[in-house]
Structure formats: C-alpha cells, structure tokens
There are 2 protein chains.
Amino acid sequence: MTVRLLLADDEHLIRGALAALLSLEEDLVVVAEAASGPEALAMARAHEPDVAVLDLQMPGADGVKVATSLRAELPGCRVLIVTSHGRPGHLKRALEAGVRGFVPKTVSAQKLAEIIRTVHAGNRYVDPELAADAISAGDSPLTAREAEVLELAADGAPVAEIAERAALSQGTVRNYLSSAVSKLGAENRHTAVRLARERGWV
Amino acid sequence: MTVRLLLADDEHLIRGALAALLSLEEDLVVVAEAASGPEALAMARAHEPDVAVLDLQMPGADGVKVATSLRAELPGCRVLIVTSHGRPGHLKRALEAGVRGFVPKTVSAQKLAEIIRTVHAGNRYVDPELAADAISAGDSPLTAREAEVLELAADGAPVAEIAERAALSQGTVRNYLSSAVSKLGAENRHTAVRLARERGWV
DNA sequence: CACTCCGCATGACAAATGTCAGAGGCCTGA
DNA sequence: TCAGGCCTCTGACATTTGTCATGCGGAGTG
C-alpha cells in the first residue's frame, strides 16, 4: 500500500530534494507540491493526499493554519509538520490544531520516511527533544490580556499606540506590561517579548 | 572533469537530500558533509573540495566566518553560500569575505547545480533578487559607533548596561542611539534595531 | 592654517516607561 | 453566598529614555 504525500515548503531547493529522496522509498509517492500556505490548501483539495508534510514557516499561512483548515476540509488527511526552528509554543499550537507529527529538519530522510509511515498508520510522533523543550517551558503564566498586550508591544510600539490598538487606557497597558515583565523575570518589556517568543507564549 | 563538493548545513534532512540530488549530476560529486561551522572547516581541510556549499546559518560559526577562514587556508576552494533568509547585509559581508556565489534556498536543484559549475569556473553568481535588495537597501548611514551601540541595544538592554559594555558614558550612548534612530527614521531604539537588522546594517 | 567631520563627553529638560496602591465589576468554583 | 481571580481603570511616583545645546580634541582637507 502506498502513501500519497503532499509536500509544502517555500524553499524550492529543499522541497525538490525532499521529494526526490522520499520517492526513493517504494511505499511513498509525492502527489503534490506547494510553495505557500494557500497553495498547499489548494493542492490538498485537488489531490486529497494521505499525509501532508508541511513546513512550519511559509508565506501566506503557516503550517499550523494550513493544518487547521485541512482538519476541517479533509479529516482523513494526516498532517506532519517539519520545522527549522523548533519553538516550544509552536508545538503546542500544532498539537491543538490536530497535527499528528512534529519534527525538526535535523532528522534524516530515512527517519522522516519512517515517521511518515507512523503518522499514516494513525499514530502520533513528536520529536523527543522538542517535546522535552515544550514540557520544560511549561504553560504560559500570562493571562490573555497580558499576552495580547505583549504581542502588540513586540515591534517596539509606544504605549500610546498599544493602548489604542487594544482599546485600553494607557495606564492599563502599563500595568499589564509590568505584570507580564515581572512574571517572565525580564528587565523590561523588550526582553520580556524576547523571552515570551522563545518559549512560544506569544 | 568532476567538481568535488563540500556540503555544510545543520539540517540533516536538507543536507542529505541535497547531497542525493546533486549526486545525480554526473559532473558533481559530494566528497564531504558537515553540520556546523567548525566541522565544515575540518572537513574542508581534510578533503580539499573544489567548491564549498555553505548554509549561512549554522551552529558554531556562520557561513561567512567559515568562508573567511577557508579563503586563508584553501585559496583554491570556491565558496558558495546558500541561505533561507536573504538579508541584504549578509550578502555584502559575504562578498567581502571572498564568497563567489550567494543564492537563496528557493532556487531549484537544477539551477543550483548550474551555479556550482559557474562558481567552479571562476565566475561569480549572486541571486538577482537578493542583489536588487542589497542595492536598494544601500550602504549603512550609521557610523561605526552608532552601529556598535545599536548592536548592544539589540536585546533590550538598558542604557546603563550598554554604556558599560561599550565603555562609554551613558549620555554618549543615548546620543548615539538618538542619532541612529533619527537616521533610520525610527520611532525608538527598538524599531531602529529591527530596521537595521532587516537591512543588514548590524 | 582654518574648517569641518567625527568621537566623546556633560548637563538639563521633556517624554515615555515601570512600579505601586487602590478600587469597582464580572465570573467561577467551593 | 463568598472568596478569589481576572479585567479595567485612576492617580502618583521614580526611573529610564529621547532630545538638545554645547564643549573639547583629533583627523583629514582645501
């Protein structure tokens, strides 16, 4: 029984190479390729693959977003996310979106082929190291508002702008930022943003 | 005449896939692979390849640093840099380090093989789009000190810390930051850092 | 030589940010 | 029902920034 694959990655070099390598496995066949989120969705609709191998970062819509849509439209299609930069939060988001596998690009093609089979068989696979990171990072201590405000502060916007965009008073924004900063053990909002990013809490 | 290649990329998946694809070209042979900067250097010394294909971002030492060392130790070895995130400044740094080719990972393997041949023949190749970006970004308007201070400010450190690390007075640091911010047309140091990063000026 | 940059500094002022205390409203679980 | 958490706000304060004027010395230039 062959497994029909959809490959989505914006880096042509990698996608092509991957397609070539996976095709060497006689039980795997690449039926579609895509270079962006929306394209991946379209290809999935057209070809209804058994397993979708998605890069986490793609133009248009990232792997997790695509996975969410896919879950609704093609429940039979298992999703496997492949990523370069394994941030704990992404893993959590991905699992919540119904993704069946999550691996870093540091695995070998051999291993990836095995994982594709595992996922296709209905099992889950999460890279052990990423899983350990995710667990040690734990859950976000931030409340919804704190996270929201921190997010808006991410690109260095002044408090006034954040307040406007969040429809809050400036004082409230400062309070949230302050508590977020202290919860994260940061020195100021900017390092707080960085920390939250690293742990995938924003 | 065959071209002997060194492949360096920390992502096993990509490296392996790339090796497989490039090996399909009968005039190319991969003689060594590496997963980090230092390893790439060691492999280069051991195998003396004709062309080194280096990922820009690797643990240990990035592609440009490896290229610099390589230039000194193995002048006959041409260096080709491959990158996911093409930031203008990297290109400039790379060319200054004597790199002969600079391409994004969005090219196809076919194209990459051609580029490897071009580089091996002693010519240069720079991705047109990256080149255009680099030209439109232009040269950094920042003085050496401004850039240095901005760099230190990058992770959100307070002025006091920057001043200490740069052995400057706090007032001076603020002045440099201020002028850097105005030169970049930013609203504050943090957006300035972001802008400078995007343009490869830090 | 005078002029002009640049690096480096100081001091002072305005604006933004971080920190606290307090206070009311809403919702949830005991 | 009541305690406790979160959301929201205000006001006041200390601290950190951003901005500006100004000064000095060195390097390079006309």
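Remember, it's a predicted structure, so these values are computed and weren't measured experimentally. Convention: sequence-line order gives letters A, B, ...; per-chain numbering from 1. Scope of the values below: all heavy atoms of this structure, side chains included, with no hydrogens, waters or symmetry mates.
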query = Under a criterion of less than 4.0 angstrom to any heavy atom of chain B, what are the 5'-terminal and 3'-terminal contacting nucleotides of DNA chain C?
reply = C:dG7 to C:dA12
key: Contacting residues from residues 177-194 of chain A, given that a heavy atom lies under 4.0 angstrom of DNA chain D   = none
request  = List in chain and number order the residues that pass side chain to side chain donor-acceptor pair (under 3.5 Å) with A:Thr172, two or more places apart in sequence or in another chain; answer none if no residue qualifies.
outcome  = A:Ser169
note = Under a 4.0 Å heavy-atom cutoff, the residues of residues 150-173 of chain A touching DNA chain C are A:Pro158, A:Val159
query = Are any of the side-chain heavy atoms of A:Glu148 and A:Leu168 separated by less than 4.5 Å?
reply = no
ask   = Mind checking whether A:Val3 and A:Arg78 have side chains closer than 4.5 Å, heavy atoms only?
value = no
query = Can you tell me if CD on B:Glu164 sees more than 12 non-hydrogen neighbours from other groups inside 6.0 Å?
reply = no
remark   = For A:Glu25, the side chain to side chain donor-acceptor pair (under 3.5 Å) test, sequence neighbours excluded, returns A:Arg117
ask   = Please, which pairs that meet ring pair (Phe, Tyr, Trp, His ring centres under 6.0 Å) have at least one residue in residues 149-190 of chain B, sequence neighbours excluded?
value = A:His190-B:His190
message = I'd like to check the side chain to side chain donor-acceptor pair (under 3.5 Å) partners of A:Arg15; sequence neighbours left out, ordered by chain and number.
response = A:Glu33
inquiry  = Once side chain to side chain contact (heavy atoms under 4.5 Å, CB included) is applied, do any residues pair with B:Leu22, and if so which ones, sequence neighbours excluded?
reply    = B:Leu5, B:Leu7, B:Leu18, B:Leu28, B:Leu112, B:Ala113, B:Ile116
key: Sub-4.5 Å side-chain heavy-atom contact between B:Leu95 and B:Val126   = yes
task = Taking the side chain as every heavy atom from C-beta outward, state whether A:Val99 and A:Leu80 have any atom pair closer than 4.5 Å.
result = no
ask   = Do the non-hydrogen side-chain atoms of A:Leu70 and A:Leu41 ever get within less than 4.5 Å of each other?
value = yes
ask   = So which pairs with a foot in residues 92-111 of chain A pass ring pair (Phe, Tyr, Trp, His ring centres under 6.0 Å), sequence neighbours left out?
value = none
ask   = Under a criterion of less than 4.0 angstrom to any heavy atom of chain B, what are the 5'-terminal and 3'-terminal contacting nucleotides of DNA chain D?
value = D:dT17 to D:dC20
ask   = Are side-chain heavy atoms of B:Leu150 and B:Leu184 found at a separation under 4.5 Å?
value = yes
query = Hey, does A:Arg174 reach any base, or is it just sugar-phosphate, or nothing, if we go heavy atoms under 4.0 Å?
reply = base
task = Just report the end-to-end axis angle for the helix from C:dC1-D:dG30 to C:dA30-D:dT1, five pairs per end, to 10 degrees.
result = 30°
key: Sequence-distant partners of A:Glu198, side chain to side chain contact (heavy atoms under 4.5 Å, CB included), two or more places apart   = A:Arg194, A:Leu195
query = With side chains defined as the heavy atoms from C-beta onward, is the minimum distance between B:Val159 and B:Arg189 less than 4.5 Å?
reply = yes
